[in-house]
Protein chains: 2
Amino acid sequence: MPILDRIDIALLEELSRDGALSQRELASRVGLSQNSCWRRLTRLQQDGVLKGTRAEIDLAALGLDLTVFVMIRTRHHSDEWSRKFRTHVEALPQVLDFYRIGGDWDYLVKAATQGVAGYDSFYQSLIRGFDLERVTGYFAMETILRRPPQLSAL
Amino acid sequence: MPILDRIDIALLEELSRDGALSQRELASRVGLSQNSCWRRLTRLQQDGVLKGTRAEIDLAALGLDLTVFVMIRTRHHSDEWSRKFRTHVEALPQVLDFYRIGGDWDYLVKAATQGVAGYDSFYQSLIRGFDLERVTGYFAMETILRRPPQLSAL
DNA sequence: CGTGAAAGATGCGGCAC
DNA sequence: GTGCCGCATCTTTCACG
């Protein structure tokens, strides 16, 4: 685990808020010269702490206005069934995140669909051909908060 | 809702995979001149489709190695209680996402903590002072997939 | 939509401390 | 480890076809 000082933390927080910051702007915000800042950045990238930058897209503006969390319980736990199911889920374009979880469910899927109609067709594709014990979708009625990690938690 | 052609979609997909792409590289990938590409980008930004770019940080490399989804049901639904609860949750640094959801729960919180011990102290802070009917945390045993929106779904 | 051009901003790296 | 400085490259904005 790499050792990070306060300046590294500050760098990461700034970049996780705005990945398009110029190195000069970034350097002045964290109180470094542009060059030192650049060297820290390359180090953080090599250490694998910074894993790249992505543009954020407004899904609702594209019609993908429903976010849904789908909890799934299955009766099958063989490697082969599991592998097939993963391949099936990954092939569904509406899927954003896919976790194997503990507790009284097996999988959690986060998906974005075009309204409830889009969810229904997604749901049909999801369960087709797979023997699932229970599937429940929770619709996001309101996104209260969505933010990058607060490294002050460390 | 803005109208997007195939080139816009391709632009958005490229940038959602790598927000640090230079405009030259981006232009050549989608088959445009660098100048046209720039004009489309500024349009997409003004339309609010592109909402900025963020660096992605490897949480596990910082010790935040446990991702947990917390489902919450409450007995209180007044505006005032709701406002206080939201303020309380937003103040917890471990919180990444916070949704109000439908179905048999009221809220869903996604959080990152330092192991199970970190989750326990997060849980204690979360419930302190609030009368919650039921709180259940689902640990992510494995992150199978995490990806930007697949605009081919449109 | 493409081309060409020009000004200013930026990244990267060498160098000295 | 830090800051200073310069060059090559890139972004951004024109005018024009």
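Hydrogens, waters and symmetry mates are skipped; everything else that's a heavy atom, side chains included, is used. Throughout, a chain's letter reflects where its sequence line sits, starting with A, and its residues are numbered from 1.
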Notebook entry, point to check: Arg75(A) and Asp131(A): side chain to side chain contact (heavy atoms under 4.5 Å, CB included), yes or no, with the steps?
Noted result: CA-CA 8 Å; Arg75(A) 288 185 203 87; Asp131(A) 176 38; 3.0 Å; yes
Notebook entry, point to check: Out of dG11(C), dC1(C), dT12(D), which nucleotide sits closest to the side chain of Gln34(B)?
Noted result: dT12(D)
Checklist line | Side-chain donor/acceptor contact of Asn35(B) with base of dT12(D) under 3.5 Å | finding: no
Item checked: N or O in side chain of Ser22(B) less than 4.0 angstrom from dC10(D) OP1/OP2 -> no
Item checked: Shortest side-chain distance from Ser36(A), nucleotide among dT11(D), dG13(C), dT2(D) -> dT2(D)
Next item on the list: Report the distance from atom CG of Leu41(B) to atom C1' of dC10(D), rounded to the nearest whole Å.
Entry: 14 Å
Notebook entry, point to check: For the residue pair Phe85(A) and Phe98(A), does the interplanar ring angle fall in the parallel (under 30°), tilted (30 to 60°) or perpendicular (over 60°) class?
Noted result: perpendicular
Checklist line | Separation of atom CZ in Arg24(A) from atom P in dC5(D), rounded to whole Å | finding: 12 Å
Margin query: Between Gln23(B) and Arg39(A), which residue's closest nucleotide on DNA chain D lies nearer the 5′ terminus?
Written below: Arg39(A)
Notebook entry, point to check: For the pair made of CG in Leu15(B) and C1' in dT11(D), what is the distance, rounded to whole Å?
Noted result: 14 Å
Next item on the list: Ignoring backbone atoms, test whether Trp38(B) places a side-chain nitrogen or oxygen under 4.0 Å from the OP1 or OP2 oxygen of dT12(D).
Entry: yes
Check: Is the CD atom of Glu80(A) crowded by more than 12 outside heavy atoms at less than 6.0 Å?
Finding: no
Next item on the list: Using whole Å, report how far CZ of Arg40(A) lies from C1' of dT2(D).
Entry: 10 Å
Note to self: Would you say the ring centers of Tyr99(B) and Phe69(A) fall short of 6.0 Å from each other?
What the structure shows: yes
Next item on the list: Using only side-chain N and O atoms of Ser33(A), determine if any of them is under 4.0 Å from OP1 or OP2 of dT2(D).
Entry: no
Note to self: With salt bridge (charged side-chain N to carboxylate O under 4.0 Å, His left out) as the criterion, how do Arg29(B) and Glu13(B) come out once you've worked through the C-alpha distance, each side chain's angles and the decisive distance to 0.1 Å?
What the structure shows: CA-CA 11 Å; Arg29(B) 288 197 193 180; Glu13(B) 290 232 303; over 6 Å; no
Next item on the list: Measure from the side chain of Leu32(B), starting at C-beta and using heavy atoms only, and say which of dT13(D), dC1(C), dT2(D) lies closest.
Entry: dC1(C)
Item checked: Integer-rounded Å distance: dT9(D) P and Leu21(B) CG -> 19 Å
Check: Over how many whole Å does the gap from Arg43(A) atom CZ to dC12(C) atom P extend?
Finding: 17 Å
